[in-house]
Undergrad: 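Dropping a structure here in structure tokens format, bear with me for questions.
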Amino acid sequence: RQRQMCIRDSVHSASDLVSDAVAMAAVRMNNAPPTALYPQGCGKAGSVGALIIGAMLAAGGLGLAWAQVAGLAAGRAAAAPAGPCAPAAAVAACGVVAKELLARATLRVGRFHKSAAVLANAKHHRSDALSSVVALLGVVGSRVHPLVDPAAALVVAGWVAKMGYETCADALLELTAAADAAAAAAAAPAHAGGVTLRGGASAALGSVAATRAPGGGALVDVVLDVPGGTTAAQFAAVPNSTTGWVVLTKLENSLARSN
């Protein structure tokens, strides 16, 4: 008879079809041109897709854990065969390699396109690969004790639930534009000496803040203290000194705040 762990792992792997569909829909919406309803495009569609995939992972992990705990409580583990199952072990071993390759390929695509949904889907594939590792251990370990198989299933369930929680947390932080202290700290040194404006005037660094952006990026907001009478035209050269950061310069009182 098939081992419990391989059955659970197969059910979890089948959910990839749904997560792939969600990721594809999110990418399609994210790349859609602006419309009357979304004049700036659907830039956060990827984060919404990541939130859905994360919820799927968390629900799947909790469901697997509940099924295993209920089975152990009912004493069903004692009836599991103690001998190894060579076909099941072979399937699990092949699954480890195939799913890890798929996870890495998806991760490269997600990073290239900066898509939160595709990156979340890569996590889903990675969880599949690790669940197959545990499935293999469960199948082989059943030679030692019948409880190894359901115990391995609980490990998979915990891992999947953890991946789901982390994916949902990251997506929510992007959707709510939460502060990104690490990005702000990384951007601050580039502006520590102030900014040189057109015409030779200089603007001192007031403060640096950053918020999370879809795809794992950040939107850095730099506030500069500028001399009175500074005009907006003098800031034409500022973006060239941001070393790749997207900077929004806030100038109070009609684009100027006196020192």
Side-chain angles (χ1 to χ4, degrees), residues 9 11-66 99-131 156-184 186-187 209-221 244-248 250:
D9 185 44
V11 172
H12 174 60
S13 298
S15 67
D16 280 346
L17 296 175
V18 180
S19 67
D20 287 342
V22 172
M24 290 177 62
V27 171
R28 190 181 184 90
M29 293 180 62
N30 199 56
N31 294 332
T35 63
L37 184 60
Y38 297 102
Q40 297 183 358
C42 301
K44 292 189 176 181
S47 299
V48 175
L51 183 62
I52 295 174
I53 294 174
M56 289 172 53
L57 283 169
L62 293 176
L64 290 177
W66 176 258
K99 294 170 186 176
E100 178 60 22
L101 291 175
L102 181 60
R104 294 190 180 192
T106 307
L107 187 61
R108 284 196 298 270
V109 174
R111 287 174 174 171
F112 179 80
H113 292 285
K114 295 184 176 112
S115 172
V118 177
L119 290 172
N121 206 30
K123 290 183 180 181
H124 197 176
H125 293 318
R126 176 61 53 78
S127 73
D128 283 344
L130 294 175
S131 71
V156 171
W159 177 262
V160 172
K162 176 178 178 292
M163 293 284 288
Y165 167 77
E166 292 175 346
T167 302
C168 285
D170 289 340
L172 285 173
L173 289 175
E174 291 180 1
L175 287 171
T176 56
D180 192 334
T211 56
R212 291 176 179 263
L219 182 64
V220 180
D221 189 357
W245 290 95
V246 179
V247 177
L248 297 181
K250 288 185 177 179

Undergrad: Identify the two heavy atoms, one from Ala184 and one from Ala210, that lie closest to each other, and give their separation to 0.1 Å.
TA: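 Distance-wise, the nearest heavy atoms are N-CB, 3.7 Å.
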Undergrad: Are the side chains of Pro34 and Gln40 in contact, using a 4.5 Å heavy-atom criterion?
TA: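 The answer is no; the side chains never approach within 4.5 Å.
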Undergrad: Starting at CG of Leu102, measure out to CG of Leu107 and round the result to the nearest 0.5 Å.
TA: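 These two atoms lie 11.0 Å from each other.
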Undergrad: To the nearest 0.5 Å, what is the distance between CZ (Arg212) and CG (Leu219)?
TA: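 Here the interatomic distance stands at 13.5 Å.
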Undergrad: Give, for atom CE of Met163 and atom SG of Cys168, the distance between the pair rounded to the nearest 0.5 Å.
TA: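 It is 11.5 Å, given to the nearest 0.5 Å.
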Undergrad: Tell me, do Asp170 and Lys123 make a side-chain contact under 4.5 Å, heavy atoms counted?
TA: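 Asp170 reaches Lys123 side chain to side chain.
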Undergrad: Should Asp180 and Thr211 count as side-chain neighbours, where that means a heavy-atom distance under 4.5 Å?
TA: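 Result no, sub-4.5 Å side-chain heavy-atom pair not found.
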Undergrad: Rounded at 0.5 Å granularity, tell me how far CG in Leu37 sits from SG in Cys42.
TA: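 Those atoms lie 7.5 Å apart.
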Undergrad: At their closest point, which heavy atom of Ala26 faces which heavy atom of Gly49, and how far apart are they?
TA: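 For Ala26 versus Gly49, the nearest heavy atoms are CB-CA, 4.2 Å.
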Undergrad: Would Glu100 and Arg126 pass as an ion pair if we require N to O under 4.0 Å?
TA: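 Salt bridge present between Glu100 and Arg126.
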Undergrad: To the nearest 0.5 Å, how far apart are NZ in Lys44 and CG in Leu175?
TA: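 One gets 6.0 Å once the value is rounded to the nearest 0.5 Å.
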Undergrad: Show your working on side chain to side chain contact (heavy atoms under 4.5 Å, CB included) between Lys99 and His125 and close with a plain yes or no.
TA: CA-CA 6 Å; Lys99 294 170 186 176; His125 293 318; 5.8 Å; no
Undergrad: Taking atom types as modelled and ignoring hydrogens, do the side chains of Asn121 and Thr106 form a donor-acceptor contact shorter than 3.5 angstrom?
TA: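 There is no such pair (donor and acceptor under 3.5 Å, judged by atom type) between the side chains of Asn121 and Thr106.
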Undergrad: If you take all heavy atoms of Ala116 and Ala50, which pair is closest and at what distance?
TA: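 Scanning both residues, the minimum pair turns out to be O-CB, 3.6 Å.
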Undergrad: Nearest 0.5 Å please: distance from the NZ atom of Lys162 over to the CG atom of Leu57.
TA: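 One finds 12.0 Å between NZ of Lys162 and CG of Leu57.
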Undergrad: Compare every heavy atom of Val27 with every heavy atom of Ser115, then report the nearest pair and how far apart it is.
TA: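 What the structure gives for the nearest pair is OG-CG2, 3.6 Å.
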